[in-house]
Amino acid sequence: MTSTPEGASGGATHVVFNQAPPLAPYDASDDRALLEGLRREGAGWAEEGVRRLGRRAGSEEAQEWGELANRHEPVLRTHDRYGNRVDEVDFHPSWHHLMRVAVAEGLAGAPWADDRPGAHVARTAGGLVWGHTEAGHGCPTSMTYAAVPALRRQPDLAKVYEPLLTSREYDPELGVPTRKRGLLAGMGMTEKQGGSDVRTNTTTATPTAEPGVYTLRGHKWFTSAPMCDVFLVLAQAPDGLSCFLVPRVLPDGSRNTFRIQRLKDKLGNRSNASSEPEFDGTVAWLVGPEGQGVKTIIEMVNCTRLDCVMASATLMRKTLVEAGHHVRHRSAFGARLVDQPLMRNVLADLALESEAATTLTLRLAGAADRAVRGDTGEAAFRRIATAVGKYWVTKRGPAFTAEALECLGGNGYVEDSGMPRHYREAPLLSIWEGSGNVNALDVLRAVGREPGTAEALFAELALAQGADARLDAAVNRLKGRLTEGSPSSARRLVELMALTLQASLLVRHAPPAVADAFCATRLGGDWGYAFGTLPDGADLDAILGRALPVSDPAGAPALGPSDATRPVDAAQPV
């Protein structure tokens with residue numbers, strides 16, 4: 001930076017100073033909460049790979065891929081030049097670069113072919129760092145990951161497709177699935193008249209003379225990543241709503257009927273194509289028994305809900321790092337922004353929220369990993385805690401990203417900063433895989449209909465019993481509310497579940513400064529209605545020293561205790 005006054009250099013009208021340099025290259029895995037959680041949840045063996053991927057995610061090249069994939073949005077081609085229906089979507093090369101790395105690094109279906117304990121945790125940690133590039137391409141990798149357990153409900157199909165869904169090779173060309181090096185999977189559940197109420201679906205499935213083969217007719221409303229190779233689709237069969245496997249290309253090499261009516265013009269997630277496909281005589285294979293479509297595809301939903309939590313935690317961490325970088329280089333009123341007491345309070349409050357989200361994400365991934373390996377207690381915990389986490393962490397995302405954007409001031413409000421893209425992305429994760437109300441009511445459903453789920457949650461909370469009086473009091477309040485829970489108060493109940501669960505994890509695993517500040521604010525009531533309202537007794541230096549990288553890639557001084565001693569002039573804007 002330079003402080004040369006305007007006009008002092010060859011007649012130039014101005015010089016640029018007091019601006020933060022580019023963040024990249026940086027290390028997206030430089031996150032203590034993430035690395036500690038990775039080890040704690042049984043995937044310490046993956047740390048070297050996660051660190052390598054984190055450095056690549058923060059590289060100038062990968063950051064540019066993310067920017068370009070969103071600037072040059074996917075384009076739908078319904079017909080070729082001769083008038084033939086093709087229904088293809090063209091992507092910028094940067095999208096394919098991002099996808100190729102993600103699949104090769106095991107962020108799609110690969111964990112299902114990995115027998116090592118912690119394989120699913122390692123994938124989640126990889127997503128937490130590679131997601132620093134951009135969020136849209138996480139959709140097809142997430143659905144591919146989630147399709148495998150649902151497809152296993154039909155062993156003959158799983159035998160054919162699972163080895164390709166778990167491949168680490170990205171093969172974007174449309175072709176006969178069994179002749180490709182690797183596959184991607186999508187899903188088609190919602191329709192325009194029902195949305196989350198999939199039981200009102202009107203798409204029909206008619207049996208053919210070949211056992212297990214049907215033809216579909218109908219129109220889906222929100223099917224993302226239409227260039228995937230296969231889709232799990234819900235449709236009404238003779239015995240009720242059922243799940244089907246729909247390939248884009250049939251075994252004989254002909255195109256299956258998959259007419260893409262249009263791409264959605266979305267608020268965010270612009271790099272990822274989301275579409276309205278029409279089925280008309282579309283060939284499909286039954287997955288699971290007729291009439292059990294929701295029960296079959298719910299395996300997929302459980303996985304994608306975890307990925308929504310992961311993506312929200314990633315977005316929080318990414319925007320916190322961006323904000324921390326900016327305030328370390330920007331000065332105002334005689335001191336760096338990071339040394340201004342109120343800015344430190346804002347950053348520390350964001351850091352608490354980010355660490356709580358990351359820690360919960362990895363705990364959920366650990367439960368998923370152990371549930372897959374037959375741990376019934378962890379399966380019960382996963383069932384309720386994933387819905388709780390999906391509701392709460394994704395709800396916190398928009399407010400978090402808005403506050404992180406504001407740390408950059410006007411600089412954060414322009415597209416070049418990247419922060420508007422993150423801000424537009426944030427609401428999506430609360431909507432996909434069941435909106436807030438759907439997830440809150442799902443928690444009530446789990447408590448009321450699935451024995452062992454509430455007990456599993458309280459068993460987890462009991463591991464921190466006696467460590468913090470505010471947490472103990474909140475758990476007692478939760479027990480009382482659980483017996484009085486009604487649909488209209490479901491959000492209040494699930495919010496308390498989420499906060500006690502996050503607090504219990506921080507009390508057990510985070511430094512005292514982090515756990516104490518979280519319990520004092522989120523459970524003890526010593527907090528305002530906006531970020532940056534931590535109480536005076538909170539150890540801001542300890543919280544920030546843990547949350548932000550020790551060294552700055554652009555050469556800013558190490559983050560240490562505030563050295564700002566000059567009071568802010570009340571007449572000056574802050």
Check: Trp527/Thr533 side-chain N/O donor and acceptor closer than 3.5 Å:
yes
When you measure from the side chain of Gln19 to the backbone N and O of Asn411, does any donor-acceptor pair fall under 3.5 Å?
no
Using side-chain heavy atoms (C-beta onward) and a distance below 4.5 Å, is Glu403 in contact with Leu350?
yes
Between the side chains of Lys266 and Ser274, does any donor sit under 3.5 Å from an acceptor?
yes
Scan side-chain atoms only and decide if Arg424 and Asn269 contain a donor-acceptor pair under the 3.5 Å cut-off.
no
Mind checking whether Leu548 and Leu320 have side chains closer than 4.5 Å, heavy atoms only?
yes
Could you check Glu64 against Ser94 for side-chain hydrogen bond (donor to acceptor under 3.5 Å, both in side chains), going step by step and ending with a plain yes or no?
CA-CA 8 Å; Glu64 185 180 31; Ser94 292; over 6 Å; no
Side-chain heavy-atom pair Val388, Ile384 within 4.5 angstrom cut-off:
yes
Less than 4.5 Å apart, side chain to side chain, heavy atoms only: is that true for Arg344 and Leu347?
no
Please give me the minimum heavy-atom distance between Asn439 and Glu433, naming the atom from each residue.
ND2-O, 3.5 Å
Is the shortest distance from a Lys or Arg side-chain nitrogen in Glu495 or Arg491 to a carboxylate oxygen in the other one below 4.0 Å?
no
Charged N-O contact under 4.0 Å between Glu276 and Lys264
yes
Quick test of your reading of the model: are Glu353 and Arg522 salt-bridged, counting only N-O distances below 4.0 Å?
yes
Is the terminal nitrogen or CZ of Arg123 (NZ for Lys, CZ for Arg) located under 6.0 angstrom from the six-membered ring centre of Tyr145 and within 45° of that ring's axis?
yes
For a side chain to side chain contact (heavy atoms under 4.5 Å, CB included) check, start with the C-alpha distance between Leu35 and Arg51, then their side-chain angles and the critical distance, and finish with the verdict.
CA-CA 9 Å; Leu35 295 174; Arg51 286 178 175 270; 3.1 Å; yes
Does a side-chain N-to-carboxylate-O contact under 4.0 Å join Arg546 and Asp539?
no
Do Leu364 and Arg382 touch side chain to side chain, with heavy atoms closer than 4.5 Å?
no
The salt bridge (Lys or Arg N to Asp or Glu O under 4.0 Å) partners of Arg370 (sequence neighbours excluded) come to Glu41, Glu378
Steps toward side chain to side chain contact (heavy atoms under 4.5 Å, CB included) verdict (Phe400, Thr319)
CA-CA 8 Å; Phe400 187 106; Thr319 54; 3.4 Å; yes
When every non-hydrogen atom of Trp130 is compared with those of Ala62, the smallest separation belongs to CH2-CB, 4.1 Å
Can you see whether Thr359 engages Gln502 through a side-chain donor-acceptor pair at a distance of less than 3.5 angstrom?
no
Who pairs with Arg270 by salt bridge (Lys or Arg N to Asp or Glu O under 4.0 Å), at least two apart in sequence or on another chain?
Glu73, Asp265
Where Gly118 and Ala43 come nearest, the two heavy atoms and their spacing
O-CB, 3.4 Å
Close side-chain approach of Pro140 to Ser224, heavy-atom, < 4.5 Å:
no
I need the Leu38 CG to Leu128 CG distance, nearest 0.5 Å.
9.5 Å
Check ion pair Arg317-Asp30 (N to O, under 4.0 angstrom):
no
Taking the six-membered ring for Trp, are His72 and Trp95 ring centroids under 6.0 Å apart?
no
Taking side chain to side chain contact (heavy atoms under 4.5 Å, CB included) as the criterion, tell me which of Leu534, Leu544, Ile543, Asp536 meets it with Asn345.
Leu534
Anything under 3.5 Å between a donor and an acceptor, one on a side chain of residues 503-514, the other on a protein residue two or more places apart or in another chain? List them.
residue	atom	partner	partner atom	Å
Ser504	OG	Thr500	O	3.4
Ser504	OG	Leu501	O	2.8
Arg508	NH1	Glu460	OE2	2.9

Any ion pair linking Asp442 and Arg305 (charged N to carboxylate O, less than 4.0 Å)?
yes
Leu429 versus Lys390, closest heavy-atom pair with distance:
O-NZ, 3.1 Å
Donor-acceptor pair between His137 and Trp65 side chains, under 3.5 angstrom
no
Criterion side-chain hydrogen bond (donor to acceptor under 3.5 Å, both in side chains) on Asp27 and Ser29, from CA distance to verdict:
CA-CA 5 Å; Asp27 183 357; Ser29 69; 2.6 Å; yes
Would you find a donor on one side and an acceptor on the other, under 3.5 Å apart, between the side chain of Thr386 and the backbone of Arg383?
no
Flag for His132-Tyr26: side-chain donor and acceptor within less than 3.5 Å
yes
Could you please spell out the steps behind the side chain to side chain contact (heavy atoms under 4.5 Å, CB included) verdict for Ser275 and Arg262?
CA-CA 6 Å; Ser275 68; Arg262 62 173 175 171; over 6 Å; no
Restricting to non-hydrogen atoms, name the atom on Thr124 and the atom on Ala365 that form the minimum distance, rounded to 0.1 Å.
OG1-CB, 3.4 Å
All heavy atoms of Ala57 vs all of Ala28, minimum pair found to be CB-CB, 4.2 Å
Do Tyr170 and Leu184 come within less than 4.5 Å of each other through their side chains, counting heavy atoms only?
yes
